[in-house]
Amino acid sequence: MIEFDQVQKSYQVGGRAIPALHPTSMTVQAGEVFGIVGHSGAGKSTLVRLINLLERPSGGRILIDGENVTDYDAGELRAFRRRVGMIFQHFNLLSSKTVAGNVAFPMKLAGIYSRSEIRNRVDELLARVGLADQAKKYPAQLSGGQKQRVGIARALACRPSILLCDEATSALDPQTTQSVLRLLADINRELGLTIVLITHEMDVVRRICDRVAVMDAGEVVEMGPVADVFLHPRHPTTRDFVFESENIDRDEMQEDLQKASGRILRLTFRGENTYKPLLGHVARESGVDFSILSGRIDHIKDTPYGQLTLSLVGGNLEQAMTALKAADVDVEVLR
Ligand code: ADP
């Protein structure tokens, strides 16, 4: 649905071209939730603002549904922008308009909807985001989570096929973040909307994204299905994000590993395997003793996973590893 073909962007600052996005090729599939994660200044906003042409690329082509949108004239661009909704970290609501007025605003601006169409759509959207009883309030009277729900309703007003989310939960507390992410996931599923979401938190990616691109200094350094990238990060920047999201202190972890004896393995269980009593069974069969150095059981979107770091001593280690692999457990030897 969204295709970047060697797209690049430089900003002119004081007569010099400062690169913000190096030539990048990538594809976002229709209906997926695509995450872009990176530190501040990595180029995430630039990339996402290129999708709706708030920024023009300095080179390359951007294809949406197979059409080269960089060639659009002003009229085509206006129509195209109605197909792309956007929500922001600080909500960007109009303080002088009510909740209903904010949601109606892009439809009025488009100039192609009747008053009754607008009224019905606003009612429908406010019900969808759980704010049916707040229509007459002003943004200042709402909580952060409610403001973002208004932002989402407004972004959906003109029935876009793409929703861009720019750090949409970064100003919200953890519980509100969860409920907003759940709403986005529901909308993605029910409306088949394609969502591109930029964030500096891997945890947001883990909760709702299907695929992720990791950005560093204007480049996509790693890209793939969230489970692959999250459970087996390859690039140092990706590793930093994963460790950070799991609250792992690397120095402490190294110390723990040094104290442990025997072989050290990291086991990754995915899906139903997460709940099976595999480890005890394998330990009994192979005579290997194990102690758990670190571990986590959680979900990546709807799929459960477990990741354990173990030290193993005695018994038949080869037999234990073979049995685990045969049961579809990823086995990495750390030492
Ligand atoms: P992120 O969203 O990951 O924080 P940005 O895309 O905002 O990163 O920025 C990428 C780089 O481009 C940064 O070095 C930033 O300073 C620069 N940049 C972004 N917008 C502009 C602009 N309008 N003019 C000049 N430089 C910019």
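On a predicted model such as this, the values are computed, not experimentally measured, just so you know. Every number for a ligand or one of its atoms is a count from 1 in the order of the listing.
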Exercise. Are any non-hydrogen side-chain atoms of Lys137 and Thr98 less than 4.5 angstrom apart?
Worked result: no
Exercise. Do Glu3 and Thr27 meet the criterion of a side-chain donor-acceptor pair at a distance under 3.5 Å?
Worked result: no
Exercise. Are any side-chain N or O atoms of Lys44 and backbone N or O atoms of Val37, one a donor and one an acceptor, separated by less than 3.5 Å?
Worked result: no
For this session: Could you tell me which non-hydrogen atom of Met215 sits nearest to which non-hydrogen atom of Leu47, and how far apart they are?
Result: SD-CD1, 3.8 Å
Problem set entry | Thr176 and Asp173: side chain donor to acceptor below 3.5 Å | yes
Exercise. Taking Arg121 for the side chain and Ser116 for the main chain, is one N or O donor matched with an acceptor at less than 3.5 Å?
Worked result: no
Distances only, to 0.1 Å: what are the N or O pairs between ligand 1 and the protein that fall under 3.5 Å?
residue  : atom  : partner : partner atom : Å
ligand 1 : 2 (O) : Ser45   : N            : 2.8
ligand 1 : 2 (O) : Ser45   : OG           : 2.7
ligand 1 : 3 (O) : Ala42   : N            : 3.1
ligand 1 : 3 (O) : Gly43   : N            : 3.0
ligand 1 : 3 (O) : Lys44   : N            : 3.0
ligand 1 : 3 (O) : Lys44   : NZ           : 2.9
ligand 1 : 4 (O) : Gly41   : N            : 2.6
ligand 1 : 6 (O) : Thr46   : N            : 2.9
ligand 1 : 6 (O) : Thr46   : OG1          : 2.5
ligand 1 : 8 (O) : Gly43   : N            : 3.1

